[in-house]
Amino acid sequence: AYERTCRYFARKTNSVVVSVGYRLAPEYPYPTQFEDCLTATVHFMRTAQDYGVDPSRIIVCGDSSGGTLTAAVAQALVTRRDLPKLRAQILIYPYLQCVDFNLPSYQQNEGVPILLRERTLVLGLKYLNKDLSVVEAILNGSHIPEDLQLKYQKWVSPDYIPHEFKTRGYKPSTTQPLFSKEAYTVIKPMFDTVFSPMLAEDSVIARLPETFILTCEFDVLRDDGLLYKKRLEDHGIKVTWCHLQEGFHGTV
């Protein structure tokens, strides 16, 4: 599915492109996928010169769940002193958080193929091999205890989405959902920063490399990209942002 895209990137950018064939769930449970990507990246960084690559010019890139893995790998590398620093990360409509499935983009694009609002959560739960009975509670926002709600609202909130992205069919929530301990117990692994890179501490975000983020208007994940852009910029990270006004998830 990705060979033509990778060849195109290599040709157009005059780059060496390494595509990681990470092992897939459910046969290989989470976080095998992240571990494979991190292992491949570290190996390439150590042997880059064997491929005629300048170790100071390595960029990680991914789309959709690959964007999640890219963000997680970039975060994992900020503390490594035995490796060169990443030159940049490229996040193409990435999934980045499990806190709020009622952000404007989730409401506006809940029925837009291919990534429907409910399907996004179902895929996440299947990825973690979790019970799907909690889907409704999570979509309602009942899965977060109050202390985490207070912590995460600094980073994940409709308040940080620019007004122009709220004009199309968005209704702000007026009530606080009742907390469900059952839903929280099931979804707890989703709060890990490998699964939800948006939830990394400020000390990690502040050390990330220059970033390119692509978002699409007709995509439930649009606001994940917008919120991550804000977090990075708040810490002085240079972000190049491309928004496809007619784009949808999977458009690449």
- Item | From CD (Q75) to CD (Q89), nearest 0.5 Å |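 Between atom CD of Q75 and atom CD of Q89 there are 7.5 Å.
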- Message: Within this structure, what is the SG-CD1 distance for the pair C61 and I92, rounded to the nearest 0.5 Å?
- Response: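 If I round to the nearest 0.5 Å, the distance is 4.0 Å.
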- Is a salt bridge present between R23 and E27, judged by a nitrogen-to-oxygen distance below 4.0 Å?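 So R23 does not pair with E27 through a salt bridge.
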- Message: Using salt bridge (Lys or Arg N to Asp or Glu O under 4.0 Å), reason through D147 and K151 one step at a time and then give a plain yes or no.
- Response: CA-CA 6 Å; D147 59 329; K151 178 180 179 179; over 6 Å; no
- Message: Enumerate the ring pair (Phe, Tyr, Trp, His ring centres under 6.0 Å) contacts for residues 61-84, please, sequence neighbours excluded, ordered by first and then second residue.
- Response: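 Applying ring pair (Phe, Tyr, Trp, His ring centres under 6.0 Å) to every pair that reaches into residues 61-84, excluding sequence neighbours, yields nothing.
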- Item | ring pair (Phe, Tyr, Trp, His ring centres under 6.0 Å) contacts touching residues 97-125 (sequence neighbours left out) |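 Residue pairs passing ring pair (Phe, Tyr, Trp, His ring centres under 6.0 Å), neighbours aside: F101-Y106.
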- Worked verdict on Y28 versus D36 for side-chain hydrogen bond (donor to acceptor under 3.5 Å, both in side chains): CA-CA 11 Å; Y28 297 94; D36 283 355; over 6 Å; no
- Message: Before you tell me yes or no, could you show the steps for S196 and Q97 under side-chain hydrogen bond (donor to acceptor under 3.5 Å, both in side chains), namely the whole-Å CA-CA distance, both residues' side-chain angles and the distance that decides it to 0.1 Å?
- Response: CA-CA 4 Å; S196 296; Q97 59 85 30; over 6 Å; no
Report yes if some heavy atom in the side chain of [X] is under 4.5 Å from a heavy atom in the side chain of [Y]; otherwise report no.
X: L221; Y: L115; answer: yes
X: Y22; Y: L24; answer: yes
X: F9; Y: T5; answer: yes

[X] atom [atom1], neighbour heavy-atom count above 12 within 6.0 Å:
X: K154; atom1: NZ; answer: yes
X: R7; atom1: CZ; answer: no
X: L178; atom1: CG; answer: no

- Do Y170 and F165 pass the ring pair (Phe, Tyr, Trp, His ring centres under 6.0 Å) test, and can you show the C-alpha distance, the side-chain angles, and the key distance before you say yes or no? CA-CA 9 Å; Y170 167 61; F165 293 103; over 10 Å; no
- Task: Anything under 30° is parallel, anything over 60° is perpendicular, the rest tilted; go ahead and classify F195 against Y95.
- Result: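 Geometry flag for Y95 against F195: perpendicular rings.
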